[in-house]
Protein chains: 2
Amino acid sequence: MKKKKSELLTEVELEFMTELWALGEGTVRDVLNNLPDDRNLAYTSGATILRILEQKDFATSRKEGKSHVYRPTLSKDTYQTRSLKDLSMKLFDDTPASLVARLVDDDELTEEALGQIRALVDRRLKHDSG
Amino acid sequence: MKKKKSELLTEVELEFMTELWALGEGTVRDVLNNLPDDRNLAYTSGATILRILEQKDFATSRKEGKSHVYRPTLSKDTYQTRSLKDLSMKLFDDTPASLVARLVDDDELTEEALGQIRALVDRRLKHDSG
DNA sequence: TTTGGAAAACGAAATGCTTAGTATTTACTT
DNA sequence: AAGTAAATACTAAGCATTTCGTTTTCCAAA
């Protein structure tokens with residue numbers, strides 16, 4: 001029986017995937033150019049990270065000219081859902097409501113954000129029940 | 001200017017902190033006894049992990065008889081808030097509402113959980129404004 | 001007071017992440 | 001067709017995490 005790999009991205013992988021999601025697709029150079037200015041990575045480091053993302057099936061690449069163009073195989077939405085599920089499981093007894101409870105208890109949360117959240121929940125409840 | 005360490009627990013550290021939060025406090029033996037049955041760790045591994053947690057200031061220990069008794073220095077609530085903030089920042093543009101949006105879009109979420117979530121948000125809104 | 005058993009301290013092996021250097025390939029230009 | 005600039009493949013070093021073996025310390029019982 002094999003231990004199920006957690007299927008979550010590491011810190012740097014997430015950083016690169018975030019760029020790919022924003023760009024839609026891109027070469028090593030594209031991704032590096034879109035990182036924050038204070039992020040100074042060698043070209044080869046970026047290439048390694050994208051190659052690893054492809055190995056782990058988070059991205060695919062096609063050859064275009066002399067470059068590889070990388071594209072996510074996983075939507076950001078899907079990955080967000082996966083991450084939330086993981087956090088909920090590990091830290092909130094697998095109970096999403098308690099996760100939201102902690103979130104709305106945060107004093108730094110603005111009234112506006114709270115209102116948005118309620119609107120979202122209401123809309124979803126209406127959709128479900130008619 | 002020093003890069004701020006992320007202050008998050010690793011996988012195994014979280015596993016042990018979860019036991020400490022549940023127990024209130026405990027020795028190496030106590031924590032090991034409370035792990036799932038299929039989790040077979042050597043005593044020394046448990047000791048190492050708790051020592052690391054103390055080094056990283058997630059726990060303190062006092063001597064009691066010949067053992068160390070470990071106790072969290074951080075409440076689970078606080079750590080939950082910290083984790084949510086981290087996730088929100090890295091994956092949801094620092095917008096908690098979009099995190100909740102993703103959560104309530106999850107098809108596997110039950111009607112009941114949705115109701116609970118709305119009740120939580122409503123209560124918080126009332127408290128603030130009235 | 002010696003000694004046997006339990007716990008702690010130390011440290012090291014194994015693995016995976018992050019970063020980047022070197023060598024090789026590719027394709028455009030002349 | 002050869003030279004060159006850019007991209008890739010390969011590889012490895014440095015570090016953190018996870019795990020545990022060995023040595024040391026401590027207490028308690030004989």
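Note: hydrogens, waters and symmetry copies are ignored here, and every other heavy atom, side chains too, is used. Please read all numbers here as calculations on a predicted model, not as lab measurements. Lettering follows sequence order; numbering is per chain, from 1.
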| request: List for me each residue that meets side chain to side chain donor-acceptor pair (under 3.5 Å) alongside B/E108, sequence neighbours excluded, and say none if there are none. | output: A/K85
Take the protein atom [atom1] of [X] and the nucleotide atom [atom2] of [N], then report the distance between them rounded to whole Å.
X: A/L14; N: C/dT18; atom1: CG; atom2: C1'; answer: 15 Å
X: A/Q55; N: D/dT8; atom1: CD; atom2: P; answer: 15 Å
X: A/L9; N: C/dG16; atom1: CG; atom2: P; answer: 17 Å
X: A/L50; N: C/dA20; atom1: CG; atom2: P; answer: 15 Å
X: B/E54; N: C/dC10; atom1: CD; atom2: P; answer: 12 Å
X: A/L53; N: C/dG16; atom1: CG; atom2: C1'; answer: 15 Å

| request: Would you give a per-nucleotide map of nucleotides 18-30 of chain D, 5' to 3', where B means the base has a protein non-hydrogen atom under 4.0 Å away, S means only the sugar-phosphate does, and - means neither? | output: BBBBB----S---
Is a donor on one side and an acceptor on the other found under 3.5 Å between the side chain of [X] and the backbone of [Y]?
X: B/Q80; Y: A/L91; value: yes
X: B/E13; Y: B/L53; value: no
X: A/T110; Y: A/A113; value: yes

| Applying the side-chain contact (heavy atoms from CB on, under 4.5 Å) test to B/P96, which of A/V100, A/L103, A/L114 qualifies? | A/L103
| Within residues 17-35 of chain A, residues whose heavy atoms come under 4.0 Å of DNA chain D | A/V28, A/R29
| Can you list every pair that meets salt bridge (Lys or Arg N to Asp or Glu O under 4.0 Å) and has a residue in residues 31-44 of chain A, with sequence neighbours left out? | A/E15-A/R39
| query | Got a sec, which residues hit ring-ring contact (aromatic ring centres under 6.0 Å, His included) with B/F58, two or more places apart in sequence or on another chain? | reply | none
| message | On the nucleotide C/dG16, are OP1 or OP2 found under 4.0 Å from the side-chain N or O atoms that A/K56 carries? | response | no
| task | Kindly state each residue pair satisfying ring-ring contact (aromatic ring centres under 6.0 Å, His included) with at least one member in residues 86-121 of chain A, sequence neighbours excluded. | result | none
